[in-house]
J.: 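One structure, pasted below without further comment.
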Amino acid sequence: MSDFGFSKKLRLLGAADFQPVFKNARYKVSCQQLLLLAYDSDTPFPRLGLVIAKKNIAKAVQRNRVKRILRESFRHNQSLLPTLDIVILARSGLGALTSEQIRKKIERHWVDLIHKAGKTSETRDNENAG
RNA sequence: CGAGUCAGCUGGACAGUCGCUGCUUUGAUUUCUUCGGUUUGCGUCUCUGGCGCAUUUUGAGGUGCGAGGUGGAGGAAAGUCCGGGCUCCAUAGAGCAGAACGCCAGGUAACGCCUGGGAGGCGAAAGCCUACGGAAAGUGCAGCAGAGAGUAGACCGCCAACCCCGAUGCAAAUCGGGCGGUAAGGGUGAAAGGGUGCGGUAAGAGCGCACCGCGCGACUGGCAACAGUUCGUGGCACGGCAAACCCCGUUCGGAGCAAGACCAAAUAGGAAUCCAAGGGUGUGGCUCGCACUGGAUUCGGGUAGGUUGCUUGAGGCUGACAGUGAUGUCAGUCCCAGAUGAAUGACUGUCCACGACAGAACCCGGCUUACAGGCUGACUCAAUUU
RNA sequence: GGGUCGUUAGCUCAGUCGGUAGAGCAGUUGGCUUUUAACCAAUUGGUCGAGUGUUCGAGUCACUCACGACCCA
């Protein structure tokens with residue numbers, strides 16, 4: 001397996017994978033058009049799930065475009081990410097942005113997520129040690 | 001040249017790197033799993049053998065993994081407006097109700113679609129548009145305005161012949177009034193009960209006649225709708241609205257792949273058979289019919305999730321033949337998305353006309369709506385310009 | 001994906017059989033009251049979601065489109 005693949009192992013499949021992330025969303029990163037939720041994964045690699053509601057992005061072409069950009073960005077940056085189950089929710093207005101704008105937004109969110117996960121894991125390690 | 005009409009095609013191209021997914025070939029025999037053989041041991045029985053359990057080894061297949069090959073959104077995939085296939089409800093049947101359609105003929109699996117023809121309308125033409133059956137079966141509707149709105153109607157106007165009264169007059173007659181006559185003109189309205197002309201008359205009027213229009217009948221042509229420089233006949237009797245009810249003809253059972261089938265954690269709400277009642281439910285109502293609720297007896301049911309349905313089909317392409325055409329028949333050839341938290345993309349480079357609307361979700365046939373541009377063919381030409 | 005329904009004043013809703021679109025609340029003005037609220041009176045405000053058609057005339061009838069809501073494993 002290369003460092004840039006995106007097989008079914010790296011996706012969240014079914015409600016069983018999604019529910020823990022929604023219920024105990026330890027890490028949250030958001031902006032006006034995007035919301036990222038994440039929780040520690042059971043697997044030794046990060047996993048991605050997308051929730052793109054028809055209500056928020058009406059046209060199928062726009063929904064497909066957004067999903068492709070988000071998946072592609074995850075695929076390229078997966079080796080940098082901590083081992084989390086990540087759910088990305090689209091909010092209304094995302095479909096109006098250009099592909100370049102969405103790519104920049106999600107890359108900024110990856111960085112934020114790495115920082116947050118790093119800090120909390122440190123504090124947790126300290127608690128465990130003490 | 002330019003303007004326009006119709007029909008059809010196309011919907012950025014090429015190269016490299018990375019990525020997703022179906023199918024297929026192949027590798028390693030690492031994960032899980034199904035079926036079969038083999039070795040050894042134990043148990044058991046109807047004991048030269050069979051069966052069961054464990055174990056050894058091996059073959060075939062599935063699944064996951066690696067590598068290679070190959071396929072991977074649309075003309076509208078959309079809206080869900082119609083029609084089918086398919087699936088379940090009884091095998092989808094009978095009557096009523098309801099709905100849809102509606103010039104004629106043909107095509108089709110079927111249609112509200114398509115083709116050809118007719119009629120009416122628009123245009124200079126090519127051509128385009130039309131829910132286009134019946135108002136001489138019935139019931140209705142038409143506010144306001146207007147005298148009158150449907151087997152008509154005297155507001156203004158026109159007339160004063162006939163009849164009656166009065167005045168003048170010898171009388172003829174004239175004037176005024178009454179009883180009236182009149183649908184040509186004005187006015188109202190969306191709509192006022194054929195049109196034009198001549199005759200006729202007190203003034204008028206299909207009252208009469210001619211022509212036009214209309215109705216009915218015949219004849220001719222056409223499968224028919226319908227048409228006619230045809231003939232006869234009727235003074236016209238028959239105004240509009242059925243996207244008002246309705247009548248006539250034709251068609252239609254209901255629901256949908258989230259249909260349905262299979263495997264099945266959890267949980268216990270059960271399932272099958274028999275019996276009684278005819279209340280409740282079912283994908284519109286009633287009848288028939290089916291299932292459930294109730295009681296008894298006997299043992300298995302099926303939510304999350306998964307698998308399947310799932311792509312070879314009224315299929316595409318090419319040719320021949322039949323037909324004005326839609327289309328059909330025959331022959332050859334091809335396999336052309338099948339995802340399921342949901343694939344067909346990202347980046348880089350080059351080129352040009354600098355890329356619109358937009359993403360399959362069971363599958364087809366249509367219709368409708370959205371759409372940057374580009375290409376091809378056929379046809380028309382009034383005015384203007386050359 | 002499939003099915004069902006809705007759109008009328010700033011808001012919540014009427015509008016039967018086609019004939020000049022109403023009610024309540026809100027707003028504005030005036031009155032009452034020392035003032036506000038309440039009350040009383042008057043008044044403003046509508047391309048009837050968009051377009052096309054039928055009709056003399058459409059909120060209403062028909063068709064096309066847009067937007068919104070709900071249901072089905």
Side-chain angles (χ1 to χ4, degrees):
Chain A
M1 167 103 57
S2 72
D3 289 346
F4 301 104
F6 189 64
S7 65
K8 282 191 177 178
K9 283 184 181 176
L10 299 180
R11 305 179 207 171
L12 297 179
L13 306 163
D17 295 329
F18 276 80
Q19 282 311 312
V21 182
F22 281 114
K23 282 187 177 175
N24 339 287
R26 187 187 290 274
Y27 314 109
K28 288 186 188 177
V29 178
S30 69
C31 65
Q32 202 167 359
Q33 289 88 13
L34 282 168
L35 172 64
L36 278 79
L37 303 174
Y39 184 64
D40 301 301
S41 181
D42 298 330
T43 56
F45 37 78
R47 296 194 297 176
L48 182 71
L50 298 170
V51 179
I52 315 292
K54 209 172 190 175
K55 192 180 172 184
N56 296 327
I57 302 175
K59 294 193 173 179
V61 168
Q62 297 300 323
R63 282 200 301 279
N64 280 343
R65 187 172 64 92
V66 167
K67 284 193 272 188
R68 280 165 188 159
I69 293 161
L70 295 178
R71 267 200 302 269
E72 199 68 14
S73 180
F74 175 84
R75 192 169 69 77
H76 285 297
N77 296 300
Q78 60 177 287
S79 58
L80 306 170
L81 293 168
T83 58
L84 299 170
D85 286 350
I86 303 162
V87 174
I88 302 177
L89 290 103
R91 291 173 169 173
S92 58
L94 189 62
L97 298 178
T98 63
S99 303
E100 193 60 31
Q101 285 175 313
I102 296 170
R103 195 173 302 117
K104 283 182 178 173
K105 268 186 187 297
I106 191 63
E107 280 170 6
R108 205 172 303 143
H109 289 324
W110 294 138
V111 174
D112 289 355
L113 198 63
I114 290 161
H115 283 307
K116 284 199 177 184
K119 278 181 187 175
T120 48
S121 63
E122 277 172 24
T123 54
R124 194 172 45 176
D125 289 347
N126 294 344
E127 283 167 12
N128 291 352

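Model, not experiment: these values are computed from the prediction. Within every chain, numbering begins at 1; the chains are lettered A, B, ... in the order of the sequence lines, protein sequences first and strands thereafter. Below, each value reflects all heavy atoms present in this structure, side chains not excepted, and no hydrogens, waters or symmetry copies.
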J.: Syn if the chi torsion is within 90° of 0, anti otherwise; quick check, which is B:A237?
T.: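 Here B:A237 takes the syn form, which means its glycosidic angle is within 90° of 0.
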
J.: For A:K55 and C:A69, what is the distance between atoms NZ and C1' respectively, to the nearest whole Å?
T.: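 Between C1' of C:A69 and NZ of A:K55: 11 Å.
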
J.: What is the pairing partner of B:G180, taking Watson-Crick or G-U wobble pairs with both distances under 3.5 Å in any strand?
T.: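 The answer is B:C159, by the H-bond criterion.
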
J.: In whole angstrom, what separates A:L70's CG from B:A342's P?
T.: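 Distance, rounded to whole Å: 11 Å.
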
J.: Grab the CD1-P distance between A:I102 and B:A346 for me, whole Å please.
T.: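 Rounded to whole Å, this separation is 12 Å.
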
J.: With the threshold set at 4.0 Å, does a side-chain nitrogen-carboxylate oxygen contact exist between A:R75 and A:E72?
T.: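 Salt bridge flag = yes for A:E72 with A:R75.
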
J.: Identify which nucleotide among B:A346, B:G359, B:U21 has an atom closest to any side-chain atom of A:E72, counting heavy atoms from C-beta outward.
T.: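 Of the candidates, B:A346 comes closest.
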
J.: Does anything in residues 61-70 of chain A pair up under side chain to side chain donor-acceptor pair (under 3.5 Å), and if so which pairs, sequence neighbours excluded?
T.: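 Qualifying pairs, neighbours excluded: A:Q62-A:R65, A:R65-A:S99.
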
J.: Which residues in residues 89-100 of chain A have at least one heavy atom lying under 4.0 Å from any atom of RNA chain B?
T.: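 The answer is none.
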
J.: Tell me whether the OP1 or OP2 atom of B:A343 has a side-chain N or O from A:R71 closer than 4.0 Å.
T.: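 So the side chain of A:R71 is within the cut-off, an N or O lying under 4.0 Å from OP1 or OP2 of B:A343.
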
J.: Please state the P separation for the pair B:C35 and B:A54 - nearest whole angstrom.
T.: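 To the nearest whole Å, 13 Å.
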
J.: Please give the distance between the C1' atoms of B:C20 and B:G284 as a whole number of Å.
T.: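 Each nucleotide's C1' atom is 49 Å from the other's.
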
J.: Would you mind calling B:G75 syn or anti? Take O4'-C1'-N9-C4 for purines or O4'-C1'-N1-C2 for pyrimidines, and syn is within 90° of 0.
T.: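 Syn for B:G75; the angle stays within 90° of 0.
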
J.: With A:F18, which of A:L37, A:V51, A:D85 fulfils side chain to side chain contact (heavy atoms under 4.5 Å, CB included)?
T.: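 Considering A:L37, A:V51, A:D85, a side chain to side chain contact (heavy atoms under 4.5 Å, CB included) with A:F18 is found only for A:V51.
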
J.: Could you give the CD1-to-P distance, from A:I52 to B:G359, as a whole number of Å?
T.: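 So the two atoms are 16 Å apart, to the nearest Å.
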
J.: Between C:A41 and C:A23, how far apart are the two P atoms, rounded to whole Å?
T.: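 To the nearest whole Å, 14 Å.
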
J.: Going by number, which of residues 29-36 of chain A have a non-hydrogen atom under 4.0 Å from RNA chain B?
T.: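 Contacts with RNA chain B under 4.0 Å: none.
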
J.: Could you tell me how far C:C17 sits from C:C61 if I compare only their P atoms? Round to whole Å.
T.: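 About 8 Å, rounded to a whole number of Å.
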
J.: Assuming nearest nucleotide by heavy-atom distance, tell me which of A:R65 and A:L12 is located more 5' along RNA chain B.
T.: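 It is A:L12 whose nearest nucleotide is closer to the 5' end.
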
J.: Provide, to the nearest angstrom, the distance between the NZ atom belonging to A:K59 and the C1' atom belonging to C:A66.
T.: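 It is 12 Å, rounded to the nearest whole Å.
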
J.: According to a strict under-4.0 Å criterion, is A:K67 in side-chain N/O contact with OP1 or OP2 of B:C20?
T.: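 Checking A:K67 against B:C20: no side-chain N or O falls below 4.0 Å of OP1 or OP2.
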
J.: I'd like to check A:V29 versus A:L34 (side-chain heavy atoms, cut-off strictly below 4.5 Å). Are they in contact?
T.: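 A:V29 does not reach A:L34 side chain to side chain.
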
J.: If I pick the P atom on B:G373 and the same atom on B:U324, what distance separates them, to the nearest angstrom?
T.: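 Approximately 42 Å lies between the P atom of B:U324 and that of B:G373.
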
J.: Return the nearest nucleotide to the side chain of A:V51; candidates are B:C20, B:G341, B:A346.
T.: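 The listed nucleotide nearest to A:V51's side chain is B:G341.
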
J.: With the side chain of A:R75 defined as its heavy atoms from C-beta on, choose the nearest nucleotide among B:C18, B:G359, B:C347.
T.: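 The closest nucleotide is B:C18.
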
J.: Show each protein N/O and nucleotides 70-72 of chain C N/O combination with a separation under 3.5 Å, one pair to a line.
T.:
none

J.: Return the pairing partner of B:G120 with a 3.5 Å limit on both distances, Watson-Crick or G-U wobble; otherwise return none.
T.: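 B:C129 - that is the nucleotide pairing with B:G120, both distances being under 3.5 Å.
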
J.: Taking the chi torsion of C:U55, is it syn (within 90° of 0) or anti (everything else)?
T.: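 Syn.
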
J.: Can you tell me how far C1' of B:G19 sits from CZ of A:R11, to the nearest Å?
T.: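 The answer, rounded to whole Å, is 10 Å.
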
J.: Quick one, A:V21 and A:Y27 - any side-chain contact, counting heavy atoms below 4.5 Å?
T.: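 No - every pair of side-chain heavy atoms lies 4.5 Å or more apart.
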
J.: If you define the side chain from C-beta out and look only at heavy atoms, does anything of A:L36 sit under 4.5 Å from A:D112?
T.: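 Side chain of A:L36 against side chain of A:D112, heavy atoms only: no contact under 4.5 Å found.
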
J.: Donor-acceptor pairs are to be reported for all side-chain atoms of residues 52-60 of chain A against protein atoms at under 3.5 Å, with residues two or more places apart or in another chain.
T.:
from, atom 1, to, atom 2, distance (Å)
A:N56, ND2, A:A90, O, 2.9

J.: Measuring from atom CG of A:L48 to atom CZ of A:F74, what distance do you get when rounded to the nearest 0.5 angstrom?
T.: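 The CZ atom of A:F74 is 5.0 Å from CG of A:L48, to the nearest 0.5 Å.
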
J.: Determine the interatomic distance between P on B:U31 and the same-named atom on B:U57; round to the nearest Å.
T.: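 Pairwise P distance, B:U31 against B:U57, rounds to 14 Å.
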
J.: Can you check whether A:F18 stacks with the B:G341 base, using ring centres under 5.5 Å and planes within 30°?
T.: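 Stacked: centres under 5.5 Å apart, planes under 30°.
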
J.: Assign B:A73 to syn or anti; the rule is syn for a glycosidic angle within 90° of 0 and anti otherwise.
T.: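 It is syn.
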
J.: Considering only atom C1', compute the distance from B:A28 to B:G316 and round it to an integer number of Å.
T.: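 Rounded to whole Å, the distance is 42 Å.
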
J.: Toss me the dot-bracket line for RNA chain C: Watson-Crick and G-U wobble, both under 3.5 Å, 5' to 3', using | for pairs to another strand and [ ] for crossers.
T.: (((((((..((((.....[..)))).(((((.......))))).....(((((..]....)))))))))))).

J.: Can you tell me the Watson-Crick or wobble partner of B:C241, both distances under 3.5 angstrom?
T.: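 WC or wobble partner is B:G140.
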
J.: Considering only heavy atoms from C-beta outward, does the side chain of A:Y39 approach that of A:V87 to under 4.5 Å?
T.: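 Answer no - side chains too far apart.
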
J.: Drop me the distance from A:E107's CD to A:S73's OG, to the nearest 0.5 angstrom.
T.: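 If we round to the nearest 0.5 Å, A:E107:CD and A:S73:OG are 4.5 Å apart.
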
J.: Any donor-acceptor pair under 3.5 Å linking the side chain of A:K116 with the backbone of A:K28?
T.: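 Side chain of A:K116 to backbone of A:K28: a pair is present.
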
J.: Where does B:C156 land, syn or anti, given syn is within 90° of 0?
T.: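 Glycosidic conformation of B:C156: anti.
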
J.: Heavy atoms, side chains only, cut-off 4.5 Å: are A:S30 and A:R91 in contact?
T.: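 A:S30 vs A:R91: side chains touch.
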
J.: State which of B:C347, B:A343, B:A360 makes the closest approach to the side chain of A:A60.
T.: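 The answer is B:A360.
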
J.: A:K105 versus A:L97: any side-chain heavy-atom pair under 4.5 Å?
T.: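 Yes - at least one pair of side-chain heavy atoms lies under 4.5 Å apart.
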
J.: Taking atom P in both B:U376 and B:A15, compute the distance separating them and give it to the nearest angstrom.
T.: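 These two P atoms come out 27 Å apart once rounded.
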
J.: So, is A:R68 close to the B:C347 phosphate, meaning a side-chain N or O under 4.0 Å from OP1 or OP2?
T.: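 False: A:R68 side-chain N/O out of range (4.0 Å or more) of B:C347 OP1/OP2.
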
J.: Using purine N1 to pyrimidine N3 plus N6-O4 or O6-N4 for Watson-Crick, or N1-O2 and O6-N3 for G-U wobble, each under 3.5 Å, what pairs with B:G64?
T.: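 Pairing partner: none.
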
J.: Does any non-hydrogen side-chain atom of A:L80 lie less than 4.5 Å from one of A:V111?
T.: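 When only atoms from C-beta onward are counted, A:L80 and A:V111 do not touch, as no gap falls below 4.5 Å.
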
J.: By nearest nucleotide on RNA chain B, pick out whichever of A:I69 and A:R63 is the more 5' one.
T.: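 Its nearest nucleotide being more 5', the pick is A:I69.
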
